[in-house]
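Here is the structure we will look at, set down as structure tokens.
Predicted model, so just to flag it, every value in this text is computed and none were measured.
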Amino acid sequence: MKGSPTIRINFNSFITICLFLNVCLSQGVTAQSQNTTGDATIPVKVGVVLDMDSVVGKIGMSCLNMALLDFYATHPHYKTRLVFNTKDSMDDVVAAASAAVELIRNVEVQAIIGPRSSMQANFVIILGNKSQVPVISFSATSPSLTSLKSPYFFRAAQSGSFQVNAISDIVKEFGWREVVPIYVDNLFGETLIPYLTAALQDINIRVPYLSAIPESADDDLIAKELYKLMNNQTRVFIVHATMTIGSRILVKAEEIGMMSEEYVWIMTDSMTTLWRSIDSSAINALQGILGVKSYVPKSKELENFTVRWKRKFQSDNPNVTNAEMNIFGLWAYDATFALARAVENAGTANLRFNRTNISGSGATDLETLGVSENGPRLIKELSKINFTGLSGDFHFVNGQLESSVFQIVNANGNGERRVGFWTPQSGLVKDWKSTNTSAKSSSKPKLGPIIWPGDTNSVPKGWKIPVEGKKLKIGVPVKDGFTEFVKVTWDFNSKKAKSIGGYCIDVFDAVMRKMPYPVPYEYVPFATPEGNAAGSYNDLVDQVFYGIYDGVVGDITIVANRSLYVDFTLPYTESGVSMLVPVRDNKKKNAWVFLQPLTSDLWVTSGCFFVFIGFVVWVLEHRINEDFRGPPAHQVGTSFWFSFSTMVFAHREKVVSNLGRFVVIIWCFVVLVLTQSYTASLTSLLTVEQLQPTVTDINQLLKRRKSVGFLSASFVKDMLLGMKFDESHIKKYRTLEELHDLFTQGSANGGISAALDEIPYIRLFLSKYCGKYTTVKPTSKTDGFGFVFPKGSPLAADVSRAILNVTQGDEMQKVHNKWFNNVTCPDFDPTVSSNSLGLESFWGLFLIAGVASMSALIIFAAMFLYEQKHVLFQFYPENSVWRKVRTMSRIFDQKDLSSHTFKKTEARDASCHCSVHSIGAYGSSTNTNCPPSPSVGSNQVDPSDFVFMVEQGSVTDSPDIPPSAERSSIEFADYSHGQ
């Protein structure tokens with residue numbers, strides 16, 4: 001008892017001495033500054049609110065004190081001196097707010113540095129904004145603080161939202177399709193998640209689940225949540241939490257086996273920056289993890305500072321052995337430099353607070369806060385700050401540091417290994433030197449070698465079907481008809497499916513056998529307890545979107561609106577929607593069927609050419625061929641007879657001129673083609689069944705208000721409504737027989753005139769009712785039947801590859817033959833039915849014949865005029881053109897005795913004349929020197945004589961005619977007709 005007073009006195013004395021030394025030390029720093037310059041300096045009070053027991057708080061406080069000494073050592077001429085007033089927030093939001101209120105109201109600080117966490121900063125910022133005191137935080141990175149839009153808040157750090165693009169690029173680089181974020185359920189954790197999920201969804205990465213861990217969660221609750229994640233197929237996790245709870249999550253994940261080869265773990269910068277400061281027992285759980293953190297370029301100043309800081313920190317905190325300098329400490333150091341510059345530039349004229357006079361004892365602390373007069377000028381100077389600090393370029397843009405380079409590190413052993421960088425301009429790059437090149441377009445690896453969890457170099461695929469978990473629930477449609485595709489046999493007693501089969505089911509089973517890994521699954525009918533369909537096919541697909549089914553197998557068509565909510569595999573059937581209509585025999589049995597092979601224009605053209613060819617041949621043969629001479633009626637008949645008889649090649653008249661033969665050869669070829677085509681077309685008309693569709697255009701159905709059918713629960717109904725069909729004219733069917741009955745009834749009797757359906761269904765229908773129905777174009781494009789999986793499911797890609805293996809082998813054909821019995825109906829194409837032949841098919845032949853005929857006429861006319869040029873050019877000038885034409889016509893009508901055909905006849909005629917004279921005129925005279933016959937003379941007429949004859953009005957009064965009266969009748973006949 002006697003010793004107690006002594007102890008109490010010694011303890012009180014010790015406290016008094018410590019306080020005295022602290023004051024003397026502060027005054028000593030100030031005195032040193034005063035003595036250096038020789039002028040008095042003005043102290044400026046600055047509050048510091050940090051968690052003094054946390055690693056970030058301890059590192060930050062040491063860096064603040066070193067920055068204060070370093071700054072004034074390099075700027076001794078500055079008149080202002082920052083004086084820190086430190087408060088411990090004790091890792092509590094209320095304590096941080098209380099400390100800020102005390103600093104503003106009682107100490108009247110000009111600025112506050114801190115607090116450490118975003119939750120603490122949220123309320124302190126409001127206080128600073130109210131009192132116009134700038135709040136500068138170097139560790140509060142939550143993006144939600146930006147939403148406060150306070151001009152008095154300066155984030156001397158990068159916003160946490162800047163890192164989400166780096167994380168999404170990592171996920172994209174390795175081709176992972178699903179990611180599950182694990183975050184602490186508080187303001188710090190939940191505010192980053194919207195930015196992270198948005199960045200992932202921008203590159204089509206699915207986030208199937210968000211795992212929120214309460215801040216107060218114990219190990220059992222953490223393990224329960226991790227087991228839930230283990231039973232899902234996603235194996236890529238992004239952890240965003242404080243280091244305290246984040247390290248507990250990773251340690252527990254290692255304990256339950258979630259650090260094996262198939263897992264991927266990515267840490268955000270809040271954990272990556274501090275992970276080396278945790279206990280060594282927890283470091284082993286981080287092996288193989290990827291992390292993202294801000295990159296700080298190396299410099300001599302940084303190296304020197306790190307050495308000095310480590311020495312000072314260890315002396316100040318001898319019990320902390322694993323602390324290392326991090327980006328938060330560097331930001332704290334640079335923030336002190338920035339604030340010291342801004343205070344000096346703002347001046348000291350208005351370092352006062354305006355206080356509100358509130359009378360009464362009921363005034364709260366918030367109501368008694370003063371308003372700093374220097375605040376507006378100070379934030380203006382802070383916004384102008386721009387220098388290169390230890391952390392790099394330091395300047396505020398909209399109250400926070402700009403996004404800079406992130407480094408990607410891989411936890412390995414007790415340290416970390418850098419595997420790449422990320423910049424806003426170049427994205428992921430392997431080397432910092434390549435950030436200025438087009439790294440995004442490079443095909444080279446963008447990250448260095450990575451050791452993944454499980455100590456493997458193989459990149460995890462990012463997902464796995466959990467063998468220990470539940471089987472995949474595969475939904476199956478229930479239908480009444482077309483059961484060849486999907487057939488569900490229902491047990492009404494147990495209200496469950498007894499068996500599930502069909503073409504689609506067998507194809508899916510075959511595909512699953514081709515998968516490179518086992519996939520446990522079970523079929524679940526989409527049915528009511530009574531065994532009826534529980535909804536349409538769209539409703540069934542929606543079940544996958546809502547997470548009720550893990551997939552759907554059946555005759556599900558791949559269409560655009562469904563692909564917005566689910567993923568389809570590659571199609572395994574042919575695609576398209578076509579219109580099915582009945583066919584009818586269009587063959588007409590009448591007496592004029594022989595006219596149908598050719599169209600009317602071809603008949604008229606052929607007849608005109610027959611007449612034209614006859615005329616051409618007559619012109620070419622008239623002067624030299626006896627078959628084409630005689631009375632006019634005889635000549636016309638002969639010409640027509642000759643021309644039309646070529647149709648059956650029965651012409652008997654000889655063609656003696658070369659031009660005529662040329663024309664006839666060409667024409668016979670044209671006639672040959674015409675007759676053969678006519679014969680073939682007529683044969684087809686008389687013998688082939690002329691099947692034609694009853695409807696050729698869907699617009700005909702709209703105009704005539706005919707009814708159209710569709711398969712029940714099919715998306716085709718929406719197509720018909722989109723085509724403006726009235727819903728009363730749209731009828732559904734469920735089975736093949738029901739569709740056939742609707743066609744039989746017809747649209748007028750409550751049936752249908754056509755049906756729109758998918759090609760696989762139409763093929764099945766036509767195989768049963770072959771020859772009675774057909775499809776008509778156009779065919780709407782669809783992608784066929786496919787299997788359905790959730791949006792972003794990695795199964796879709798692997799199943800699609802397995803579908804290719806099945807469809808390219810024999811197994812697909814075996815499944816087809818099993819359900820469709822290999823029954824095929826010949827494809828019917830209405831366009832191959834016999835139609836009348838038109839002019840468009842033969843105009844080339846007629847063109848050739850016409851050109852050949854006209855060419856022959858022109859050549860003949862030129863030769864004829866050339867031979868008679870002496871007649872044309874020696875006419876008297878007073879003769880008219882018409883008179884010349886008449887004269888040339890009469891010459892054309894005469895025989896061309898110079899032709900070889902008449903020279904042969906001349907010899908026979910001479911012999912005949914001699915015999916006549918010997919017997920009839922001169923008795924029995926044996927004189928063989930018969931006088932020349934007038935008919936044998938040349939047809940060349942002296943022009944003067946011919947003109948005289950024309951003047952006398954008689955062509956037959958030729959002076960060449962002998963006046964002898966004894967001319968025989970034969971000679972006279974020959975002369976009169978020949979001349």
Side-chain angles (χ1 to χ4, degrees), residues 164 168 171-172 175-181 193-210 232-234 236 462-463 472-477 479 485-486 504 508 511 521 524 526 533-577 710-724 756-761 779-801 803:
V164 297
S168 64
V171 176
K172 181 180 179 181
W176 299 317
R177 302 299 301 164
E178 287 186 355
V179 170
V180 172
I193 298 304
Y195 295 91
L196 179 60
T197 55
L200 293 171
Q201 290 173 357
D202 286 343
I203 56 175
N204 296 323
I205 304 301
R206 183 169 175 260
V207 181
Y209 180 70
L210 296 175
N232 294 327
Q233 65 181 15
T234 306
V236 181
W463 68 279
L472 294 180
K473 293 175 62 177
I474 305 298
V476 176
K479 52 198 305 183
F485 293 98
V486 177
C504 300
F508 185 76
V511 168
Y521 62 93
V524 180
F526 184 54
S536 66
Y537 277 39
N538 286 337
D539 297 332
L540 176 57
V541 172
D542 289 342
Q543 304 305 304
V544 179
F545 176 73
Y546 295 136
I548 298 175
Y549 294 147
D550 298 310
V552 169
V553 172
D555 45 347
I556 309 295
T557 305
I558 305 172
V559 291
N561 62 331
R562 292 173 180 171
S563 64
L564 298 175
Y565 308 101
V566 296
D567 280 348
F568 285 93
T569 63
L570 290 176
Y572 57 91
T573 63
E574 57 184 328
S575 61
V577 174
F710 73 97
L711 182 61
S712 178
S714 173
F715 71 97
V716 176
K717 180 180 180 180
D718 296 331
M719 291 181 58
L720 293 172
L721 293 175
M723 296 176 186
K724 308 302 181 183
L756 254 68
D757 212 336
E758 296 172 78
I759 289 180
Y761 300 127
T779 299
S780 300
K781 282 294 183 181
T782 60
D783 288 335
F785 295 162
F787 303 128
V788 182
F789 290 99
K791 197 73 174 177
S793 172
L795 267 177
D798 289 346
V799 173
S800 294
R801 283 188 285 269
I803 287 175

Side chains of [X] and [Y], heavy atoms from C-beta outward: is any pair under 4.5 Å?
X      : Y      : answer
Val476 : Val486 : yes
Glu758 : Ser714 : yes
Gln233 : Pro208 : no
Trp176 : Leu200 : no
Phe526 : Val552 : no

Pair Phe785 + Tyr761: ring centers closer than 6.0 Å: yes
Suppose we call two aromatic rings close when their centres sit under 6.0 Å apart. Are Phe508 and Tyr572 close by that rule? no
Which pair of non-hydrogen atoms, one from [X] and one from [Y], has the smallest distance, and what is that distance?
X      : Y      : value
Leu472 : Asp550 : CA-OD2, 3.3 Å
Ile474 : Tyr521 : CG1-CB, 3.9 Å
Asp567 : Ala796 : CB-CB, 4.3 Å
Val207 : Pro181 : CG1-CD, 3.5 Å
Asp757 : Leu711 : OD2-CB, 3.8 Å
Gly554 : Cys504 : C-SG, 3.5 Å

Does NZ belonging to Lys479 count more than 12 external heavy atoms closer than 6.0 Å? yes
With a cut-off of 6.0 Å (strictly less than), are more than 12 heavy atoms of other residues, nucleotides or ligands near OH of Tyr565? no
Give a yes or no answer on whether the side chain of [X] reaches the backbone of [Y] with a donor-acceptor pair at less than 3.5 Å.
X      : Y      : answer
Ser800 : Leu570 : yes
Thr557 : Val559 : no
Arg562 : Asp542 : no
Thr569 : Phe787 : yes

Could you give the distance from [atom1] ([X]) to [atom2] ([Y]), rounded to the nearest 0.5 Å?
X      : Y      : atom1 : atom2 : result
Arg801 : Asp798 : CZ    : CG    : 4.5 Å
Glu574 : Asp783 : CD    : CG    : 13.5 Å
Gln201 : Leu196 : CD    : CG    : 9.5 Å
Ile203 : Arg177 : CD1   : CZ    : 8.5 Å
Lys473 : Ile548 : NZ    : CD1   : 7.5 Å
Phe710 : Asp718 : CZ    : CG    : 9.0 Å

Run the side-chain contact (heavy atoms from CB on, under 4.5 Å) check on Phe715 and Thr782 step by step: do they pass? CA-CA 11 Å; Phe715 71 97; Thr782 60; 4.0 Å; yes
Pair Val180-Asn232, side-chain contact (heavy atoms from CB on, under 4.5 Å): steps then yes or no: CA-CA 10 Å; Val180 172; Asn232 294 327; over 6 Å; no
Which of these, Val236, Leu795, Thr234, sits in a side-chain contact (heavy atoms from CB on, under 4.5 Å) with Trp463? Leu795
Can you confirm whether the side chains of Tyr537 and Asp555 place a donor and an acceptor under 3.5 Å from each other? yes
